Number of protein chains: 2
Amino acid sequence: MLIRRSSMYALHAVAILAARPGVYHSSEEIRELSGIPGNYLAKILGHLRRAGIVEGRKGWGGGFRVPEEALSRPIRDILDVVEGDAMEAVDGCLFGFPSCDEEHPCPLHRYWEEIGKVYRRMLDETTIGDLGRFQPRQP
Amino acid sequence: MLIRRSSMYALHAVAILAARPGVYHSSEEIRELSGIPGNYLAKILGHLRRAGIVEGRKGWGGGFRVPEEALSRPIRDILDVVEGDAMEAVDGCLFGFPSCDEEHPCPLHRYWEEIGKVYRRMLDETTIGDLGRFQPRQP
DNA sequence: AGATCAGGAGACCAGCATATCCCCTGAGTC
DNA sequence: GACTCAGGGGATATGCTGGTCTCCTGATCT
């Protein structure tokens with residue numbers, strides 16, 4: 001898989017929050033909608049909070065929310081939180097050849113380069129707001 | 001990473017063998033050319049051998065080789081050995097939404113689909129012979 | 001036949017990602 | 001102020017992947 005399972009979780013959780021920006025959702029609520037294991041989800045949300053992507057509030061009526069201002073951020077920001085650097089998943093030669101470049105491409109270079117481009121576009125063109133607009137609302 | 005490190009190793013090792021089809025190379029020789037940890041390499045070559053991609057021979061003058069007939073096989077065969085099913089790395093929704101399809105695409109669906117297509121083409125269009133034609137012969 | 005070379009096969013180990021548990025803290029309600 | 005709700009944070013399992021080690025088997029050379 002190109003991204004970690006944790007990243008899938010992070011994207012999914014933020015998608016749920018972004019469907020109602022500014023509204024607090026308990027992690028329990030997110031767990032029910034997403035099926036992500038509860039305690040692990042809490043940990044991921046904690047990372048997202050420290051990165052400023054979501055906000056947390058304790059106590060009655062609390063939970064997590066994504067503030068309006070965050071809606072325009074690209075989802076690359078989400079992946080960077082979990083993966084460290086999202087793009088490193090896709091750079092470098094598939095063989096590990098240090099000498100592989102445009103002038104001396106390995107047999108997979110063109111394909112891999114193309115995959116990297118689409119991947120980068122996916123991360124940069126898609127915003128958190130876009131995630132919120134899609135709601136499977138799984139029954 | 002889209003593929004495992006083991007798959008990188010497998011591709012690299014086969015590339016070295018395919019540069020001189022039919023000729024036996026000791027795993028020690030491959031280790032020197034590739035930098036893959038020796039014992040682990042031996043294990044991977046064993047898997048490739050059981051899958052019929054390379055041939056092994058014991059004793060003096062022995063080693064591994066890729067037979068002429070194997071040169072036309074797609075590299076998908078190599079990845080399938082290590083990954084189980086190479087394409088499963090790239091199918092399914094990035095969110096894990098079971099409901100995500102052409103009619104109800106998630107926000108990343110188009111990108112991910114495109115990546116899958118290029119990936120599939122890479123595996124099917126590239127042959128073991130192609131790998132052999134590229135030799136970095138790192139100094 | 002005996003030495004040596006090189007693969008074959010299995011147990012074993014380490015690090016990381018995933019997942020779980022428990023206790024603490026702060027914000028509300030009554 | 002007492003109670004409860006929900007996040008915060010750290011310690012602790014678990015499983016997989018990558019990597020190491022050891023011993024065995026078969027082929028060739030002398």
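As a basis for the values below, the full set of heavy atoms in this structure was taken, side chains included, without hydrogen atoms, waters or symmetry mates. Worth saying up front: this structure is predicted, and the values here are computed from it rather than measured.
- Listed by chain and number, the residues in a side-chain hydrogen bond (donor to acceptor under 3.5 Å, both in side chains) with A:Arg73 are A:Asp77 (sequence neighbours excluded).
- Under the side-chain contact (heavy atoms from CB on, under 4.5 Å) criterion, A:Asn39 pairs with no residue, sequence neighbours left out.
- Listed by first and then second residue, the salt bridge (charged side-chain N to carboxylate O under 4.0 Å, His left out) pairs involving residues 58-72 of chain A are A:Glu55-A:Arg65 (not counting sequence neighbours).
- Summarising the geometry, the separation between CD on A:Glu55 and P on D:dA6 is reported as 19 Å, rounded to the nearest angstrom.
- Rounded to whole Å, atom C1' of D:dG19 lies 13 Å from atom CD1 of B:Ile36.
- Taking atom CD of residue B:Glu83 and atom C1' of nucleotide D:dC16, one finds them 14 Å apart after rounding to whole Å.
- Overall, the helix from C:dA1-D:dT30 to C:dC30-D:dG1 carries an axis bend of 0° between its ends, with five pairs at each end and the value rounded to 10°.
- Nucleic acid contact class of B:Tyr24 (heavy atoms, under 4.0 Å, all strands): none.
- As rounded to whole Å, 11 Å separates atom P of D:dG7 from atom CG of A:Leu17.
- Within the nucleic acid shown, A:Gly63 comes within 4.0 Å of sugar-phosphate atoms alone, with no base atom in reach, counting heavy atoms only.
- The footprint of chain A on DNA chain C, defined by a heavy-atom cutoff below 4.0 Å, extends from C:dA17 to C:dT29.
- Residues that satisfy the side-chain hydrogen bond (donor to acceptor under 3.5 Å, both in side chains) test with B:Arg57, not counting sequence neighbours, are absent from this structure.
- One interatomic measurement links the two molecules: CD1 of A:Ile44 to P of D:dG7, which rounds to 14 Å at whole-angstrom precision.
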Annotated protein contacts, base or backbone, on nucleotides 20-30 of chain D with a non-hydrogen cut-off under 4.0 Å, one of B, S, - each: BB---BBBSS-
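- The phosphate of D:dG9 (OP1 or OP2) has a side-chain N or O of A:Arg50 nearer than 4.0 angstrom.
- Atoms CD (A:Glu29) and P (D:dC5) sit 16 Å apart, rounded to a whole Å.
- The NE2 atom of B:His47 sits 12 Å away from the P atom of D:dT17 (whole-angstrom rounding).
- Taking B:His47 as the reference, nothing meets the side-chain hydrogen bond (donor to acceptor under 3.5 Å, both in side chains) condition, with sequence neighbours excluded.
- When the side-chain contact (heavy atoms from CB on, under 4.5 Å) test is applied to B:Glu114, the partners found at least two apart in sequence or on another chain are A:Glu114, A:Val118, B:Val118.
- Identified under the salt bridge (charged side-chain N to carboxylate O under 4.0 Å, His left out) test for residues 34-52 of chain B, with sequence neighbours left out: none.
- In terms of heavy atoms, B:Tyr9 sits closest to B:Pro37 at OH-CD, 3.9 Å.
- Under the side-chain hydrogen bond (donor to acceptor under 3.5 Å, both in side chains) criterion, B:Glu102 pairs with B:His109, B:Arg110, not counting sequence neighbours.
- We find that CG of A:Leu45 is positioned 14 Å from C1' of D:dG9, with the value rounded to whole Å.
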Extract all donor-acceptor atom pairs below 3.5 Å that involve side chains of residues 79-98 of chain A and protein atoms in other chains or at least two apart in sequence.
residue: A:Asp80; atom: OD1; partner: A:Ala86; partner atom: N; Å: 2.9
residue: A:Glu83; atom: OE2; partner: A:Arg4; partner atom: N; Å: 3.0
residue: A:Glu83; atom: OE2; partner: A:Ser7; partner atom: OG; Å: 2.4
residue: A:Asp85; atom: OD1; partner: A:Met87; partner atom: N; Å: 3.1

Intermediate values then yes/no, salt bridge (charged side-chain N to carboxylate O under 4.0 Å, His left out), A:Lys117 and A:Glu125: CA-CA 12 Å; A:Lys117 273 185 193 156; A:Glu125 295 175 0; over 6 Å; no
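- Nearest-nucleotide mapping onto DNA chain C: of B:Ala42 and A:Arg5, the residue sitting toward the 5' end is B:Ala42.
- Between B:Leu33 and B:His12, the shortest heavy-atom distance links the atoms O-NE2, 4.4 Å.
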